[in-house]
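In what follows, every chain begins at residue 1, and chains take the letters A, B, ... in the order their sequences are listed.
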Protein chains: 2
Amino acid sequence: MLYIDVMSRTPVYEQIIEQMEKLISAGILKEGEQLPSVRALSLELSVNPNTIQKAYGELDSKGIIGSVPGRGCYVMPGACDILKSIAKGKLPELQALAQTLMAAGVTREEIIRAIDECTHTVPVKEETK
Amino acid sequence: MLYIDVMSRTPVYEQIIEQMEKLISAGILKEGEQLPSVRALSLELSVNPNTIQKAYGELDSKGIIGSVPGRGCYVMPGACDILKSIAKGKLPELQALAQTLMAAGVTREEIIRAIDECTHTVPVKEETK
DNA sequence: GAAACTGTACTAAGACACATAGTACAGTTA
DNA sequence: TAACTGTACTATGTGTCTTAGTACAGTTTC
């Protein structure tokens, strides 16, 4: 379900956050659905329970998941809306990258073509098997 | 000439590298031109000379600048070409970001509009959120 | 030649984030 | 009661980044 790259410069807990958010945005983890427990996921990913807890804690503070002591963690209703507004907040990051590329001589068309290339093939919506 | 954000998560030496590369791409630092000395820049930016040396060392190993012991560091001829090819190598990074945004519900048009917005009006400056 | 610059190469130390390890406690469920 | 759940805490190890200090060799200028 999740894949951890221990060699990556991005911390493990952030990788977990990013992938959980993608699963929720994609509808693979539905609103109201229960997440794997801290201990179960730590075993599955071979990381420390504290690392999972840190990831879950941040998702909780964002309002994306809700934690119920004794019961478990659940995807909050409205999580997708929150994720979309967070995503819009990341547009400046994309703008900065685009600016860097164009300053180095990459053209607007090359950038847009690259975006179209990678987003055409993503099967987030039509999934009827 | 350069601005360091000590609160940033990106290391100081990387900030120096990025900004030097932008200055070279923009033609503000021309090929063949001499860079400020390690010690002078360390005083100007209030960082340790070792930090400057680390930045210069990486720029050197990329072939963007050349170091001559006793004389100084100079922008290498062909630096802009190298920078452009490095920039093209960063397209996957931009693709990944675009994919994340679109997976969260941001539309292709919103992304392209954001890119056009920032690249039309901003010359070479950097804008950190 | 001397002085003042240049880049370069070390070692040592501190700060900080990340991750692991272990323990403990309270709430929920079967 | 037993087995799960989240949560909190301390301690420890590790790696990167940064600073500090020293030293050496080459170049330039006077």
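Close to dT18(D), at under 4.0 Å from its OP1 or OP2, lies no side-chain N or O of Thr51(B). Contact check, Ser37(B) against dC5(C): no side-chain N or O comes under 4.0 Å of OP1 or OP2.
Checking dG6(D), dA19(C), dA20(D) against every side-chain atom of Asn48(B), the shortest atom distance belongs to dA20(D). Nearest to the side chain of Arg9(A), among dT19(D), dC17(D), dT8(C), sits dC17(D). Comparing atom distances between the Tyr56(B) side chain and each of dT18(D), dG7(C), dT20(C) picks out dG7(C) as nearest. Taking only side-chain atoms of Lys54(B), from C-beta outward, the nucleotide of dC17(D), dG7(C), dT7(D) with the closest atom is dC17(D). Set against dC24(D), dT5(D), dA20(D), the side chain of Arg39(A) has dT5(D) as its closest nucleotide. In the set dT20(C), dT19(D), dC17(D), the nucleotide with an atom closest to the side chain of Tyr13(B) is dC17(D). Here the nucleotide nearest the side chain of Asp60(B), chosen from dT8(C), dC17(D), dT19(D), is dT8(C).
With no hydrogens or angles considered, a side-chain donor-acceptor pair links Glu110(A) and Thr107(A) at under 3.5 Å.
Nearest-nucleotide positions on DNA chain C for Gly70(A) and Pro49(A) put Pro49(A) closer to the 5' end.
Panel note: side chain Gln95(A), backbone Ala114(B); a donor-acceptor pair is recorded below 3.5 Å.
The nearest whole Å value for the distance from the OH atom in Tyr74(B) to the P atom in dT27(D) is 11 Å. As a whole-Å value, the separation of Leu45(A) CG from dT20(C) C1' is 15 Å. The distance between atom CG of Leu35(B) and atom C1' of dC5(C), rounded to the nearest whole Å, is 16 Å. Straight-line distance from the CD atom of Glu14(A) to the C1' atom of dA19(C): 14 Å, rounded to whole Å. Between Glu58(B) atom CD and dT18(D) atom P the separation is 11 Å, expressed in whole Å. Rounded to whole Å, the distance from CD1 on Ile52(B) to P on dA20(D) is 13 Å. Rounded to whole Å, atom C1' of dG6(D) lies 12 Å from atom CG of Asn50(A). Here dT5(D) presents its P atom at 14 Å from CD1 of Ile65(A), a figure rounded to the nearest Å.
Interface remark: the Arg71(B) side chain does not form any donor-acceptor pair with the dG26(D) base, using a distance-only criterion of under 3.5 Å.
Of the residues listed (Gln19(A), Lys22(A), Glu18(A)), the one engaging Leu2(A) in a side-chain contact (heavy atoms from CB on, under 4.5 Å) is Gln19(A), and it is the only one.
In terms of heavy atoms, Lys62(A) sits closest to Glu21(A) at NZ-OE2, 2.7 Å.
Both Leu35(A) and Val47(A) are members of a single hydrophobic cluster when ILVMFWY side chains are connected at heavy-atom separations under 4.5 Å.
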